[in-house]
Protein chains: 2
Amino acid sequence: MQASEGATGLRERKKRRTRDALIRSALELFADHGYEGTTVDEIAAAADVSQRTFFRYFANKEEVALSVQEMVESHFFAAVCERPAAESPLTALRAAVLSSWDTIEEAIQSVVPLELHVRTFRMIQSTPQLLAAHLRRSMELEDRLTREITRREGLAEQDPRPRILVAAFSGVMRANGKLWAEVADGDMSRLKQATAGYLDQIGPALAENWRS
Amino acid sequence: MQASEGATGLRERKKRRTRDALIRSALELFADHGYEGTTVDEIAAAADVSQRTFFRYFANKEEVALSVQEMVESHFFAAVCERPAAESPLTALRAAVLSSWDTIEEAIQSVVPLELHVRTFRMIQSTPQLLAAHLRRSMELEDRLTREITRREGLAEQDPRPRILVAAFSGVMRANGKLWAEVADGDMSRLKQATAGYLDQIGPALAENWRS
DNA sequence: TGTCAATTGGCAGACGCTGCCATAATCTCG
DNA sequence: CGAGATTATGGCAGCGTCTGCCAATTGACA
């Protein structure tokens, strides 16, 4: 029983290597032949394991495609939890997104090249099955964010306001991501700028009388 | 070439009957044995057609499970489009939900008993694969709503405010539906009341300083 | 070094879904 | 009404995802 991280034993390290190899192989094959154009057998063969072993690491084909995205999201959630309690919820969410992007890149790089992740992100947006799975995960993230903000603000569990705020925030982030996927050059600084601008619109969007 | 609806020919009527039979058979089997516990072969057999024919009516197993929900959503969207242009976007959305629920029931009844639809709705919420597909469709609805509101208000396509508003609205409706699925007795009037109450929170949710 | 637990591979099989072709039902128009 | 064009259906073969099961291998630990 070691503390937490670090290479515990050979077994652990080997598993981690196998997992990373599967992710790398999968994302590369997806980038080349598309999601549906790649079979699990091919992924397993490229990572030098059996198909049966693939399914011991990932519950299904979707999961390997979304695995890096999963890292990004849990990184963001951790950033939210670390924001000072004095910040308003929206400020905390905003700051967490922007700051988490500063530190996530190296974590991604340790598994796959950044450019491959960007291509994968685009693939998720354009593959119905993956988009569906991705959205379901996003809703789970919304749930967790809602609970965290309810806790921060000391509100009752049934109070709908955190959920609504999170929904608006997530809606902005989705639109932002979609836009980025369409036009993106992979330039992170421009993405951050656009995101900040978008988030500034949440207040005005709920004020009535846009036409004035 | 007839006008629009009405029974055009024998062929059309027969197709409609087959489709309805498939939906009814599917939802009943799902209610009895769960989504994953029901095979397409069983659904087809219950509707007295071949499996091959099932897949000519529905692209996949998900689609038949979501087919009634699809009716509800397009009915709602139509209601939005019919709201007077003078109403503010949020008012229009709110009025459209409430009014569309008044008139959708008979359309549902013409395909399946209402109670079966309620059970199906619950099943969708609790079956990961169906929830994912449902959310993807919901995002498509959000896109359409966003475009419609942008049009109504005469805004530029890039203006993010409609999208944010729709996201907040949809978030409320999702939370609402989830709650309803958990505690619901199938009582529509109570659902409508709860929804109205929820929607009233959108304004306050975006005001800062909840703690005061 | 020997025992125990975890990891892996391989195989059989269920299920979702598609392409293909033959057959049967409806439609259209002379 | 009837012949020919359209369209719906059934059946089958086959690919791909995913699971259960068992045997063999590999790392952990005393």
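Every chain is numbered from 1, with letters handed out A, B, ... down the list of sequences.
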[N] [atom2] sits how many Å from [X] [atom1], rounded?
X       : N      : atom1 : atom2 : result
B/His33 : C/dC15 : NE2   : P     : 13 Å
B/Arg11 : C/dT28 : CZ    : P     : 8 Å
A/Asp48 : C/dT7  : CG    : C1'   : 15 Å
A/Arg52 : D/dA23 : CZ    : P     : 16 Å
A/Glu12 : D/dG27 : CD    : P     : 13 Å
B/Lys15 : D/dT7  : NZ    : P     : 9 Å
B/Arg17 : C/dA25 : CZ    : C1'   : 13 Å
A/Phe55 : D/dG16 : CZ    : C1'   : 9 Å

[N] OP1/OP2 closer than 4.0 Å to side-chain N/O of [X]:
X       : N      : value
B/Thr53 : D/dG10 : yes
A/Ser50 : C/dG9  : yes
A/Lys61 : D/dC18 : no
A/Lys14 : C/dT7  : no

Would a distance-only check, ignoring hydrogens and angles, find a side-chain to backbone donor-acceptor pair under 3.5 Å from [X] to [Y]?
X        : Y        : value
A/Lys192 : A/Val97  : no
B/Thr39  : B/Glu42  : yes
B/Arg147 : B/Glu142 : no
B/Arg24  : B/Val112 : no

*Contact class for A/Tyr57 vs. all strands (heavy atom < 4.0 Å): base, sugar-phosphate, or nothing?*
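The residue A/Tyr57 makes sugar-phosphate contact but no base contact.
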*Pick base, sugar-phosphate or nothing for A/Phe58, based on heavy-atom distances below 4.0 Å to the nucleic acid.*
nothing
_Between the base of C/dG9 and the side chain of A/Arg56, is one N or O donor paired with an acceptor at under 3.5 angstrom?_
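Result: at least one qualifying N/O pair found.
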*Do the ring centers of A/Trp101 and A/Phe76 come within less than 6.0 Å of each other?*
no
*Along DNA chain C (nearest heavy atom to each residue), the more 5'-positioned of B/Asp41 and A/Val49*: A/Val49
